[in-house]
Structure formats: C-alpha cells, structure tokens
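Lettering follows sequence order; numbering is per chain, from 1. Atoms considered below: every heavy atom in the structure, side chains included; atoms not considered: hydrogens, waters and symmetry mates. Remember, it's a predicted structure, so these values are computed and weren't measured experimentally.
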Amino acid sequence: MRIVTVILALVLTIAQGSAPKRVVSLIPAVTEILFAIGAGSQVVAVGSFDTYPPEVKALPRVGALLDPDVEKILSLHPDLVVVFATQTTLREQLARAKIPVYVYQHSGLPDVLTTIRDIGAQAGREQAASDLARRLQERIDAVRKRVAGRPRPRTLIVFDRENLALRGIYASGGVGFIHDMAEAAGGANVFADVKQQAVQATTELILARAPDAILELRGTPMDAAARAEEIAVWGTLSSLPAVRNSRVYLIDQQMTVVPGPRVADAIELIARTLHPAAFK
Amino acid sequence: MTASLGRRFAMTTVGFGVLAAAAVVTAPLVGSTHISLRRAFSTAIPFSENPDAQIFFIARLPRTLAGALVGSMLASAGVVFQGLLRNPLATPFTLGVSAGAALGAMLAITFGWSFTVAGMGAAPAASFIGSVGAVAIVYALARARHRGLSTNVLLLAGVTMNAFFSALILFVQYFADFSQTYRILHWLMGDLDISSYEPVITALPFVLVSLAVFAWLARPLNLLSLGIESAGTRGLNVATAQRAAFLSASLATGAAVSVGGPIGFIGIVVPHLVRLIVGPDHRLVLPASALFGAAFLIGCDVAARTVMSPVELPVGVITALVGGPFFLWLLVRKR
C-alpha cells in the first residue's frame with residue numbers, strides 16, 4: 001500500500017515537473033499563444049493555416065480541423081497535442097497512443113485569457129502566461145475607458161461575403177469574440193440581440209437595422225485599390241447612415257480574426273477606427 | 001390547335017398566370033421588417049434617404065423577380081428533361097448541369113477570384129461557365145456513337161459527370177479554408193437575396209431564348225412521349241428535337257443556377273403537380289409549369305425569410321422540406 005502511494009507520488013511529481021517539450025498545435029490562436037509566452041521552442045509542428053508568428057513558417061504542417069494528419073503527428077512523438085473539441089476521431093487516436101491533449105474551446109473574449117492561462121499551465125509557463133493575460137486585460141480595460149462615455153455607433157460587423165457584391169453576407173451575432181472585441185472597442189453590434197456567432201445578414205435586415213458604421217474584418221491583406229472597390233460596393237444601400245456618413249471600414253489584418261494574444265492590438269485598432277477622436 | 005385545346009390553353013395560362021402575378025405583387029409586401037408603403041412609393045423623399053423604399057426596391061423586389069425567374073426556369077427545364085429522357089424522376093440537375101455549376105462557383109470562391117462580368121460576381125459567372133462546360137461534355141459523349149442523341153448515353157454520361165464533378169468539388173474543397181467552406185455551403189443551399197437587378201437582367205437573354213425553344217418544343221415532346229419510333233413515323237425529326245430540348249433546358253438551368261444557386265426539387269415537384277391538374281399535354285404543362293414554378297419559388301422564399309426572422313433559412317431548405325416528401329410520395333404512387 002505504502003509502496004503504491006510512493007510510486008504514485010513520484011509519478012505525479014515527475015508529471016508536474018516535466019513540461020511538454022514537443023508540442024503540436026493545430027490551432028492558429030494557440031500557436032500564437034505558445035510563442036507569446038516563450039514556449040515557441042517547444043512547438044514541433046503546427047496546423048495548415050498557421051502563419052503567425054513568422055517562425056511557424058519553418059515548422060512542419062500536420063493538417064487542420066477537417067484533415068489532421070494523424071500519422072505525421074504520431075511520427076513527431078509529441079508530448080502534448082492541442083486539438084479542437086470537435087476532432088473526436090483524432091482525440092480517440094491520440095488517447096490510444098497515450099499522448100496528452102489539450103482540447104481547445106472557441107468562444108468569447110474572456111475565454112481567450114482563460115485559454116492563455118491554461119496553455120501556460122500545460123506548457124510549464126504559468127508565470128509568463130499569467131503576465132501576458134494580465135497585460136492584455138489591462139490594455140483592453142484601457143481601451144474601454146478611452147471610449148467610455150462616447151456615443152457608441154450601431155455597428156454591422158461583417159466577416160464574410162462574396163467578392164465585389166453584397167451577397168452571402170455573414171455578420172457577427174451577439175456572441176463570440178468578434179462581437180466582444182467590437183463592443184470593447186466602443187461599438188454597439190446591430191445584431192447583439194441574435195444569440196449566434198454568425199448571422200446571415202440579408203439586404204432587408206441590413207437596411208432595417210440601419211447601422212451607423214459598417215466594419216468588415218478580413219483575414220487576408222489586400223491592396224488599397226481592392227479595398228476601396230470593396231468599400232464602394234456598399235454604395236448601393238445609400239439609405240444606411242454608415243454609407244451616407246462614409247463610415248464603412250474594411251480592416252484587412254489577420255489579428256482581428258484570430259482569438260489569440262493579438263486581441264488587444266485588434267481591439268485598439270477597431271477602437272481607433274470607430275472612435276478616431278478618442279485617440280487624438 | 002383545336003378549339004377545345006385553345007380554350008384549355010387560355011384557361012390554364014390565365015389561371016396560373018394570375019397565381020404567378022399575385023405572387024410577384026404580394027411577395028414584396030411581406031418581409032422580416034414592417035415598412036410603410038406610402039413612404040416606399042413617396043416621390044417627395046429622395047431615394048437615398050428613404051429606407052422603406054430601399055427595402056422595397058433593393059431588398060425585396062429584385063429578390064422576388066429572381067425567384068420568379070429561377071422558379072420558372074427550373075420548373076420548365078424539369079418538364080423538358082422529363083419529356084426528353086422519358087423518365088418522370090428526371091430533374092434539371094440529373095445531367096450534371098448543377099454539379100458543373102457548383103464546381104465553377106467552388107473554384108471562384110476557393111481561389112478568391114474577384115471580378116464582375118455584366119453585373120455578375122465571380123461565383124455566379126464561374127458557375128454559368130461550369131454548367132456550360134458540363135453540358136458540352138455530356139452532349140459530346142451522347143453524340144459520339146450515335147447519329148442523333150442517345151438518351152441512355154445521355155443519362156449515363158450525365159449521372160457519371162455528376163459523380164465526377166462531385167469528386168472534383170471535394171478535391172477543390174481540400175484547398176478551401178474555413179470561411180470559404182462556409183461560403184460554398186451557402187451557395188449550394190441557394191440564395192435569392194441578390195440586392196440588385198443586374199443578375200436578373202444578365203440572365204434574361206438566355207431565359208428568353210430558352211422560353212422560345214420551349215414554346216416550339218411542346219408538340220415534339222408530346223410526340224416523343226409516344227416513343228422514339230412512333231415519333232419518327234409521325235414526321236418528327238427526333239434528333240433535332242432531342243438536341244433542342246437538351247440544349248435549351250440546360251441553358252435555362254445554367255442561367256437559373258447562376259442567379260440563385262442550385263435550388264433543388266422545384267424541377268420535379270412543380271411539373272408533377274401541374275400534370276396532376278392539367279394532364280400530360282406539354283402544350284399545357286410547359287406554360288403552366290413555368291408560371292407555377294415562379295409562384296412556388298416566390299412562396300418558398302417568402303417562407304424562408306419570414307418563418308424564423310430575423311434569422312433567415314436558406315430557400316433550398318424550404319424547397320427540400322416541401323419537395324422531399326412529395327418526391328417520395330410520387331415514387332410510391334408510381335410503383
């Protein structure tokens with residue numbers, strides 16, 4: 001009995017003491033977090049869509065949400081794999097191989113900070129992670145304070161539509177980190193009442209909600225001419241206050257669509273866009 | 001045309017015409033938001049300061065017209081394909097047109113093509129090119145070993161092309177990222193919210209050509225329904241009729257899909273409902289289907305945009321919910 005206890009205690013100490021040295025992250029946001037808390041050197045492979053920080057470009061790719069390459073993941077002998085909650089098959093396979101996993105949940109802005117602390121604990125970087133989370137919280141609070149008391153423009157937050165046409169428009173509903181970011185930056189989401197992450201915004205719905213500002217977030221950078229062309233497309237809906245007052249904005253910065261350590265940068269950027277006067 | 005047929009033709013077109021006209025007139029009055037019609041039609045308020053008018057003329061009216069165009073094209077193309085293949089279960093999408101269109105749209109979305117042609121965005125334009133490509137391949141195959149068109153080869157080639165294009169679609173899908181996958185799904189479910197008149201105007205020439213050929217096709221399709229041999233002995237140039245039927249119905253389908261995406265079940269539900277009412281004569285079935293198809297899709301679209309408002313259901317979901325059970329009933333009834 002005593003021997004068992006001793007062995008158990010020993011195993012636990014070893015388990016706690018040894019931070020994973022070979023981490024595979026299939027999630028861009030988590031990859032960014034690992035690098036931001038100084039655990040970048042522990043990352044041995046990343047997902048297909050990971051592009052930030054630039055260091056990840058040299059790392060092997062092991063698929064993504066729909067097509068994780070299990071064989072490649074196993075061949076890298078990871079001691080921690082970060083997966084999406086819905087990747088049940090992959091999780092079973094990793095469990096069978098006795099490889100520890102961290103299950104990532106994608107939801108609101110507060111969860112980004114929770115994820116940072118969790119990842120810190122997993123990667124043996126508690127201190128760095130909690131420092132990072134605190135700094136981000138402070139910066140977000142500072143933005144909130146700066147825009148407090150200013151009129152909050154009723155904002156349509158578009159994260160997807162067809163190129164050069166007002167078709168297939170998907171906007172942020174009242175839940176999720178994009179909604180949270182816009183609210184923190186001093187905008188009032190016109191679809192705050194729709195408790196979904198994505199709203200299929202029809203022309204009628206947009207005209208009826210009459211947003212004061214339109215904020216388009218795109219993950220891929222575009223040149224100035226293309227950006228101007230895409231903004232001009234909104235001219236059709238000339239009765240919208242946002243169009244009449246030239247408050248249609250297109251932000252083509254990847255950081256605004258990744259719920260990782262760059263959220264504070266993204267919130268500052270959105271706040272500067274919606275409330276330029278507050279940052280003079 | 002005999003006197004009695006003339007009367008039935010007049011009754012049918014007037015009856016279904018009134019239905020279609022009623023749908024076109026009433027649909028723009030309904031929506032997820034309440035608008036004031038007096039304000040919408042007021043000339044005192046500038047258009048750019050009149051949200052009621054913009055909701056009526058930018059959101060609802062183009063959408064209703066798109067529904068009319070897509071519904072009537074898919075329904076009448078369904079009639080023609082069923083007559084041509086002499087198979088009651090044929091649809092406008094049986095011969096690979098929609099799969100070709102889907103592949104085109106998919107390529108445009110995945111590789112981020114960004115252009116407009118005659119008011120059509122990259123995805124609709126690419127979908128039209130895709131459907132033309134699919135039709136050309138199937139047509140060439142069906143002609144290759146036949147003087148005319150072999151309907152058996154047509155059917156087999158079409159079904160094979162459907163499967164092959166679906167495989168290509170999955171292959172292209174592999175290169176798409178998350179939001180692109182979302183957009184592709186959205187396109188596949190069908191969407192009539194076109195927010196301008198341009199897509200309808202661009203499709204109009206193709207629609208008119210198809211309708212003209214359909215008008216001529218009514219009698220040949222009646223003869224074909226007696227069988228190829230007897231149609232030939234009654235003086236029908238079978239090969240010409242088949243070719244005209246295949247190309248015009250494919251053109252109508254391609255134009256419809258480029259406007260609203262591959263909206264399912266219209267091409268099978270409407271023709272059969274119409275046949276239950278007016279009988280099998282194509283001279284009645286064709287115009288009635290075109291008119292009823294318009295009314296039917298407009299009605300489904302009104303349901304799509306109001307049932308769960310402010311959230312909208314894809315119109316393809318409504319047509320499938322109505323059409324699926326109907327299709328099964330038809331299948332059981334036939335056997």
So do the side chains of B:Tyr174 and A:Asp67 get within less than 4.5 Å of each other, counting heavy atoms only? yes
Note: vs chain B, highest number of non-hydrogen pairs under 4.5 angstrom among A:Glu229, A:Glu162, A:Glu230 is A:Glu162
Regarding A:Ser239 and B:Glu49, is there a side-chain donor-to-acceptor distance under 3.5 Å anywhere? no
Shortest non-hydrogen pair, B:Val311 vs A:Val194, comes out as CG2-CG1, 3.9 Å
Could you grab the distance from atom CG of A:Leu207 to atom OG of B:Ser195, nearest 0.5 Å is fine? 9.0 Å
Does a side-chain heavy-atom distance below 4.5 Å link A:Leu164 with B:Ser114? yes
For the pair A:Arg167 (side chain) and B:Leu192 (backbone), establish whether a donor and an acceptor sit closer than 3.5 Å, ignoring hydrogens and angles. no
Heavy-atom pair of closest approach, residues A:Gly168 and B:His186: CA-NE2, 3.6 Å
With distance as the sole criterion, is a donor-acceptor pair present between the side chains of B:Asp193 and A:Thr202 under 3.5 Å? no
One option among A:Tyr170, A:Phe49, A:Phe191 has the most heavy-atom pairs under 4.5 Å with chain B, and it is A:Tyr170
Taking only Lys NZ, Arg NE, NH1 and NH2, and the carboxylate oxygens of Asp or Glu, determine whether B:Arg183 and A:Asp160 approach each other closer than 4.0 Å. yes
Contact origin within B:Phe56 toward chain A - heavy atom pairs under 4.5 Å: neither
When rounded to the nearest 0.5 Å, the distance separating CZ of A:Arg209 from OG1 of B:Thr33 is 9.0 Å
So for B:Ala105, is it side chain, backbone, both, or neither that comes closer than 4.5 Å to the heavy atoms of chain A? neither
If I take atom OG from residue B:Ser32 and atom CD from residue A:Glu204, how far apart are they, to the nearest 0.5 angstrom? 4.0 Å
Chain B heavy atoms under 4.5 Å from A:Ala165: which part of the residue, side chain, backbone, both or neither? neither
